[in-house]
Q: 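Structure incoming, see below.
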Amino acid sequence: MEYNFKEIEKKWQNYWKNNSTYKVEINKNKPKYYVLDMFPYPSGAGLHVGHPLGYIASDIFSRYKRLQGFNVLHPMGYDSYGLPAEQYAIQTGQHPAVTTGKNIARYREQLDKIGFCYDWSREVRTCEPNYYKWTQWAFIQMFNSYYDNDQDKAMPISNLILKFHQSGSESVNAVCSSDLSFTASEWNAMSEKEQQNLLMNYRIAYLADTKVNFCPALGCVLANDEISEGLSIRGGHPVEQRVMRQWSLRVSAYAQRLLDGLDRIDWTDSLKETQRNWIGRSEGTEMNFKVKDKLYDLEIFTTRADTIFGVTFMVLAPESEYVSKVTTDAQRAAVDEYLNQVKRRTERERISDRRVSGVFTGAYAINPVTEKEIPIWVSDYVLSGYGTGAIMAVPAHDSRDYAFAKHFKLPIIPVIEGCDVSQESFDAKDGVMANSGFLNGLKVKEAIAATKKYVKEKGIGKVKVNYRLRDAIFSRQRYWGEPFPVYYKEGVPYVLDESKLPLMLPEIENFLPTASGEPPLGHAKNWNTPEGYPYELNTMPGFAGSSAYYLRYMDPHNDEALVSKEADEYWQNVDLYLGGTEHATGHLIYSRFWNKFLFDMGVVCKDEPFHKLINQGMIQGRSNFVYRIKDTDTFVSYNLKEKYEVTPIHVDVNIVSNDILDIEKFKNWSPDYKSAEFILEDGKYVCGWAVEKMSKSMFNVVNPDDIVDRYGADTLRFYEMFLGPLEQSKPWDTNGIDGVLRFLKKLWGLFYTRESLCLSDEEPTKDELKSLHKLIKKVTYDIENFSFNTSVAAFMICVNELSSLKCNKKKILDPLTIILTPFAPHIAEELYHTLGHNTTVCDAQWPDYDEQYLKEDLKKYAISFNGKVKFSIEFPADMDKDEVEKQVMANEQTVKIMDGNPTKKIIVVPGKIVNIVF
RNA sequence: GCCUUGGUGGUGGAAUUGGUAGACACGCAGGACUUAAAAUCCUGUGAUCAUUGCGAUCGUGCGGGUUCAAGUCCCGCCCGAGGUACCA
């Protein structure tokens with residue numbers, strides 16, 4: 001009987017569906033395990049063969065854990081708000097909800113074919129009101145919270161109001177947008193509006209004028225992680241800087257906790273390092289420099305307080321509020337001209353153009369330590385958002401300051417002994433101080449500490465920790481996103497009462513901004529509260545819906561809470577999270593922040609959402625090329641192309657097999673090639689190839705549906721794992737897949753002869769048991785270590801061995817079938833039933849291996865001379881070192897190789913190798 | 001520039017603590033079965049030399065080092081991929 005994957009896969013997919021095999025409920029008698037895939041954005045292109053890689057891996061792990069006796073939560077859903085559907089709506093008038101629905105249906109159809117064990121009853125879609133209700137709910141909680149530094153957690157804003165009422169700002173140690181100081185009576189005298197505006201400085205979700213990345217082509221603000229090299233990731237449009245009134249989330253308040261949390265989670269070092277860099281903690285000093293002839297100070301931030309004697313000028317960011325204050329009348333025109341010039345430049349221009357630019361303000365500052373006068377400049381190499389937006393420039397020891405000083409011919413004073421700054425600055429943080437007054441002779445580290453102490457004592461500054469991590473801008477001038485549960489009363493924002501949620505996204509017909517430049521929601525009719533107060537016109541960004549979806553899966557239909565106490569306490573957090581590295585600085589930061597906030601609220605019991613995280617590598621495409629001889633209609637085969645002048649042309653990989661072109665299909669592929677002619681080698685047209693990104697334009701996209709159709713889902717699953725280590729990027733090459741199908745056929749052949757089933761109840765032999773237990777040991781180890789590719793090889797070896805042993809014993813095939821289940825569930829289920837079981841193999845028990853079957857009686861020793869292996873001998877496994885040595889030395893071949901030379905040394909590694917040095 | 005990765009046959013890759021490099025597949029070559037093809041099965045397959053057999057030498061990006069022994073450890077380079085970018 002033949003292995004008929006089509007029939008088998010259909011049969012068991014129906015069985016699993018009809019029996020709700022993958023439905024999971026809280027079961028306190030079993031330990032829980034939560035396996036999560038990063039949910040996809042359902043794009044119009046559907047899945048290609050690269051997408052399921054991580055899903056297959058997590059599916060294997062889920063099934064394995066279930067076989068081990070865990071109650072496994074393994075859900076799936078869709079990140080279904082987003083730009084592409086809306087862009088498509090603008091172009092075609094098709095409502096984003098319609099396109100999104102269609103794309104989801106297509107994704108589901110593709111996913112179902114692969115045989116995943118998702119509990120689809122828990123599916124979430126971020127664009128559905130019963131889901132985004134809880135996104136809006138979380139926003140309201142953030143609006144109603146502030147970050148208390150003393151308690152190091154988010155607290156209700158009502159606490160803060162009470163404190164202000166009683167004792168003003170003095171009793172409060174909270175994270176705040178600006179330095180505020182007021183008394184209780186001042187607070188109590190404020191109008192409602194004034195109080196609300198003041199509270200905005202404290203709220204975790206707050207409204208403020210922010211410098212944003214605005215993309216005119218998309219008509220929308222973008223987050224830093226939605227931009228690459230000054231272009232939007234979606235669409236590649238230029239991005240510019242603008243100041244806009246935006247909602248933001250005070251992620252920066254959590255910077256230290258986000259950093260500390262990394263030490264407690266099981267992520268790769270590389271990913272942790274990326275997040276550490278993104279958070280960018282730096283310990284430094286804030287120092288005040290007096291401005292000459294003025295009553296105020298300039299506040300700067302530096303991590304190199306030790307170089308204070310090397311400061312030769314100051315630089316302000318163009319956006320700094322100090323600029324207009326310090327600029328002298330004589331320099332005002334020049335400064336204004338420079339500011340205009342900077343404003344006009346887009347983000348992209350600033351990145352690509354690294355020329356030094358700047359202007360002198362005419363003002364001087366006074367070095368608080370040396371009392372020397374130094375000029376104050378403005379330049380865009382100083383960032384307004386970092387530190388105080390002002391720096392002390394030490395050209396001798398900072399390459400940016402150095403370039404600036406050279407360009408404007410400003411003095412450079414080295415303050416580290418023996419360094420040469422004639423060609424470049426000396427940035428390294430080591431050496432001994434010189435030219436530095438009381439710091440002379442100290443090492444850099446000591447000097448930093450000494451300066452900090454000095455500055456503190458003299459009251460000219462304070463020790464300060466700075467983070468690069470910024471607050472997340474949370475408004476998007478878009479339609480297809482969560483509406484804010486916010487309305488405005490006399491321009492002051494208020495959040496809706498929780499009972500009014502969800503605030504439903506209204507229907508509109510035109511998805512473009514309004515004539516007055518307002519976001520698309522400006523077109524919505526009656527977009528206001530029943531009392532007539534207008535609702536917020538912006539919507540939330542993509543990361544809003546994806547920041548807590550893992551919690552919703554625990555309790556997806558709960559109408560009373562994001563997640564019930566019971567569900568949260570049972571499922572706790574994600575044990576294993578699988579997804580791409582591209583979310584390192586976006587989703588994976590936002591989620592951690594969001595979760596920590598909910599933890600502070602007491603909504604969730606774990607402060608880190610994802611315990612272990614694995615990044616699957618990207619599947620690259622493998623493109624094929626044909627070579628057209630220039631100015632002709634003739635194509636020349638790969639190995640003959642050097643003789644001609646040729647143009648390589650991408651050809652659809654689906655009409656190429658093992659790099660041999662199907663000429664007929666090629667002629668029909670495009671009308672241009674109808675009359676093409678070919679120069680062949682050995683009667684074949686051989687194509688060239690290259691590894692590139694998998695994309696339509698390269699004609700190298702392989703659809704999993706086609707693979708499932710031709711080879712079956714089990715073969716696809718096995719082959720994706722066989723391609724290489726999960727975490728590594730690797731090209732997809734359909735060519736190797738035959739080997740996997742052959743393996744499954746061979747496995748089938750252990751059960752069936754050509755005509756019929758042939759199983760035996762006989763007791764297995766020693767060799768058969770050894771083969772099986774070797775496999776159980778290897779596969780168990782490999783799955784625990786996410787080394788699925790080597791498991792596949794182990795399966796092949798075992799089946800090859802059992803085939804040559806002609807093994808058809810149930811006692812071997814039964815456990816084999818069970819450990820096969822995670823990888824190839826359909827064939828495993830079929831064979832499991834064939835073996836006489838009538839319940840699903842998913843609920844079988846993972847077999848343990850038994851060391852006694854793995855013991856070897858004989859060990860093969862490699863016999864080497866001066867490190868070079870010459871031959872091998874088998875000895876009993878329990879033979880001791882001395883005996884091995886004796887036997888080896890007595891060996892005829894040894895004597896021959898030694899040729900009478902005296903031995904210097906003999907090393908015997910038990911069970912492995914003998915090395916004779918002479 | 002910085003951070004993170006990776007570099008092993010024609011290809012994808014294996015080698016868990018330093019212990020016979022190239023497992024397992026693909027591809028290729030030869031053979032069996034077949035009227036023929038497909039499918040299947042068997043044999044060979046790192047390179048060079050030798051080939052009558054034994055073999056010999058070189059081989060894990062490059063150059064050094066540690067060690068009885070290095071793909072694996074240490075030092076210094078080169079190249080590819082991904083991320084990040086004036087973060088003071």
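In what follows, every chain begins at residue 1, and chains take the letters A, B, ... in the order their sequences are listed.
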Q: Specify the separation, in whole Å, of atom CD of A/Gln275 and atom C1' of B/U4.
A: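 Rounded to whole Å, this separation is 14 Å.
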
Q: Applying a 4.0 Å non-hydrogen cut-off, can you work out what A/Asn658 is touching in the nucleic acid: base, sugar-phosphate, or nothing?
A: sugar-phosphate

Q: With no hydrogens and no angle check, just 3.5 Å: does a side-chain donor-acceptor pair link A/Asp398 and A/Ser425?
A: no

Q: Need one value for A/Ile797: base, sugar-phosphate or nothing, where a base atom within 4.0 Å counts as base even if backbone is also close, heavy atoms only.
A: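 Sugar-phosphate, no base atom in range.
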
Q: Do you see a donor-acceptor pair shorter than 3.5 Å between the side chains of A/Tyr338 and A/Ser357?
A: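 Result is yes, a qualifying pair exists.
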
Q: With the threshold set at 4.0 Å, does a side-chain nitrogen-carboxylate oxygen contact exist between A/Lys770 and A/Glu801?
A: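 A salt bridge is absent here (no side-chain N lies under 4.0 Å from a carboxylate O).
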
Q: Nearest whole angstrom, please: distance from the P of B/A85 to the CZ of A/Arg468.
A: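 Answer to the nearest Å: 6 Å.
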
Q: Pull up the glycosidic torsion of B/G12 and say syn or anti, syn being anything within 90° of 0.
A: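 Chi for B/G12 falls in the anti range.
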
Q: Does a side-chain N-to-carboxylate-O contact under 4.0 Å join A/Glu286 and A/Lys462?
A: yes

Q: Take atom P in B/U11 and the same atom in B/C78, then report the distance between them in whole Å.
A: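 One P to the other, the span is 25 Å.
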
Q: Taking only side-chain N and O atoms of A/Asn789, does any of them lie within less than 4.0 angstrom of OP1 or OP2 on B/A14?
A: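 So the side chain of A/Asn789 is within the cut-off, an N or O lying under 4.0 Å from OP1 or OP2 of B/A14.
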
Q: Less than 4.0 Å between a side-chain N and a carboxylate O, is that true for A/Arg622 and A/Glu692?
A: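 No salt bridge links A/Glu692 with A/Arg622.
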
Q: Look through every strand shown and name the nucleotide pairing with B/G44 as Watson-Crick or G-U wobble, where both distances are under 3.5 Å.
A: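 Pairing partner: B/C28.
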
Q: Base, sugar-phosphate alone, or nothing: which one does A/Lys912 contact when heavy atoms must sit under 4.0 Å apart?
A: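 Base: the residue A/Lys912, judged by heavy atoms under 4.0 Å, touches a nucleobase.
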
Q: Which is true for A/Tyr781 with a 4.0 Å heavy-atom rule: it touches a base, it touches only sugar-phosphate, or it touches nothing?
A: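 Base, at least one base atom sits under 4.0 Å.
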
Q: Considering every strand shown, what is the Watson-Crick or G-U wobble mate of B/C73 when both distances are under 3.5 Å?
A: B/G65

Q: Go ahead and name the base partner of B/G59; Watson-Crick or wobble counts if both distances stay under 3.5 Å, otherwise write none.
A: none

Q: Would you find more than 12 non-hydrogen atoms of other residues, nucleotides or ligands less than 6.0 Å from A/Lys684 atom NZ?
A: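 Atom NZ in A/Lys684 is not packed in, count stays at 12 or less.
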
Q: Tell which nucleotide pairs with B/C87, taking only Watson-Crick or G-U wobble pairs whose two distances are both under 3.5 angstrom.
A: none

Q: Hey, does A/Asp659 reach any base, or is it just sugar-phosphate, or nothing, if we go heavy atoms under 4.0 Å?
A: nothing

Q: Determine the contact category for A/Asp733: base if any of its heavy atoms lies under 4.0 Å from a base atom, sugar-phosphate if only primed atoms, P, OP1 or OP2 are that close, otherwise nothing.
A: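 Touches nothing.
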
Q: What contact category does A/Arg742 fall into here, base, sugar-phosphate, or nothing, at under 4.0 angstrom with non-hydrogen atoms?
A: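 Contact class for A/Arg742: sugar-phosphate only.
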
Q: Using the P atom in both, what is the distance from B/G71 to B/C58, to the nearest Å?
A: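 The answer is 13 Å between these two P atoms.
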
Q: So, A/Ser771 side chain and A/Leu802 main chain: donor-acceptor pair closer than 3.5 Å or not?
A: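 No, A/Ser771 side chain to A/Leu802 backbone: no donor-acceptor pair under 3.5 Å.
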
Q: What integer number of Å spans the C1' atoms of B/G55 and B/U5?
A: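 My reading of the C1' atoms in B/G55 and B/U5 gives 42 Å.
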
Q: Quick one: on RNA chain B, does A/Val914 or A/Glu582 contact a more 5' nucleotide (nearest heavy atom)?
A: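 This one resolves to A/Val914.
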
Q: Tell me whether the rings of A/Tyr381 and A/Phe404 are parallel (<30°), tilted (30 to 60°) or perpendicular (>60°).
A: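 Ring orientation of A/Tyr381 relative to A/Phe404: tilted.
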
Q: Roughly how far apart, to the nearest Å, are B/A23 and B/U8 at atom C1'?
A: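 Rounded to whole Å, the distance is 13 Å.
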
Q: In whole angstrom, give the distance that lies between atom CD of A/Glu681 and atom P of B/C28.
A: 13 Å

Q: Pick base, sugar-phosphate or nothing for A/Ile907, based on heavy-atom distances below 4.0 Å to the nucleic acid.
A: base

Q: Would you say the side chain of A/Arg304 and the base of B/A88 hold a donor-acceptor pair, judged only by whether the two atoms sit under 3.5 Å apart?
A: no

Q: Any side-chain N or O of A/Asn915 less than 4.0 Å from the OP1 or OP2 oxygen of B/U20?
A: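 No.
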
Q: Using a 4.0 Å heavy-atom cut-off, does A/Arg470 contact any base of the nucleic acid, only the sugar-phosphate backbone, or nothing at all?
A: base

Q: Take atom C1' in B/G22 and the same atom in B/G13, then report the distance between them in whole Å.
A: 10 Å

Q: Rounded to the nearest angstrom, tell me the gap between atom CH2 in A/Trp748 and atom C1' in B/A39.
A: 18 Å

Q: Does B/U20 have a Watson-Crick or wobble partner in any strand here, with both distances under 3.5 angstrom, and which is it?
A: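 Checking every strand shown, B/U20 finds no partner, since no pair has both distances under 3.5 Å.
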
Q: If you measure from the C1' atom in B/U72 to the same atom in B/U60, how many Å do you get, rounded?
A: 10 Å

Q: Considering only atom P, compute the distance from B/A36 to B/G31 and round it to an integer number of Å.
A: 14 Å

Q: Just the rounded figure in Å: distance from P of B/G1 to OH of A/Tyr381.
A: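 A/Tyr381 atom OH is separated from B/G1 atom P by 21 Å.
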
Q: For atom C1', what is the distance between B/A21 and B/A70, given to the nearest Å?
A: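 Their C1' atoms lie roughly 11 Å apart.
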
Q: To the nearest Å, how far apart are A/Leu469 CG and B/A85 C1'?
A: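 After rounding, the gap between these two atoms is 16 Å.
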
Q: Does A/Ser399 have a side-chain nitrogen or oxygen under 4.0 Å from the phosphate oxygens OP1 or OP2 of B/C86?
A: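 For B/C86, neither OP1 nor OP2 has a side-chain N or O of A/Ser399 closer than 4.0 Å.
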
Q: Could you check which nucleotide pairs with B/A14 in any of the strands shown, counting Watson-Crick or G-U wobble with both distances under 3.5 Å?
A: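 B/A14 is unpaired by these criteria.
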
Q: Check whether any side-chain nitrogen or oxygen of A/Lys730 sits under 4.0 Å from OP1 or OP2 of B/G12, and answer yes or no.
A: no

Q: Think A/Lys868 has a side-chain N or O under 4.0 angstrom from the OP1 or OP2 of B/C58?
A: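 Checking B/C58 against A/Lys868, a side-chain N or O does come within under 4.0 Å of OP1 or OP2.
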
Q: Reckon A/Val909 touches a base, only the sugar-phosphate, or nothing at all at heavy-atom distances under 4.0 Å?
A: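 Counting heavy atoms under 4.0 Å across all strands, the contact made by A/Val909 includes a base.
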
Q: I'd like to know whether CD of A/Glu784 has more than 12 heavy-atom contacts from other residues, nucleotides or ligands below 6.0 angstrom.
A: yes

Q: Whole Å only: how far is the CD atom of A/Gln620 from the P atom of B/G80?
A: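 Rounded to the whole Å, the gap is 15 Å.
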
Q: Could you tell me which nucleotide pairs with B/U4 by Watson-Crick or G-U wobble geometry, both distances under 3.5 Å, or answer none if nothing does?
A: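 When the pairing criteria are applied, B/A81 turns out to be the nucleotide that pairs with B/U4.
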
Q: For B/A88 and A/Tyr386 - does any side-chain N or O of the residue sit under 4.0 Å from the phosphate oxygens OP1/OP2?
A: yes

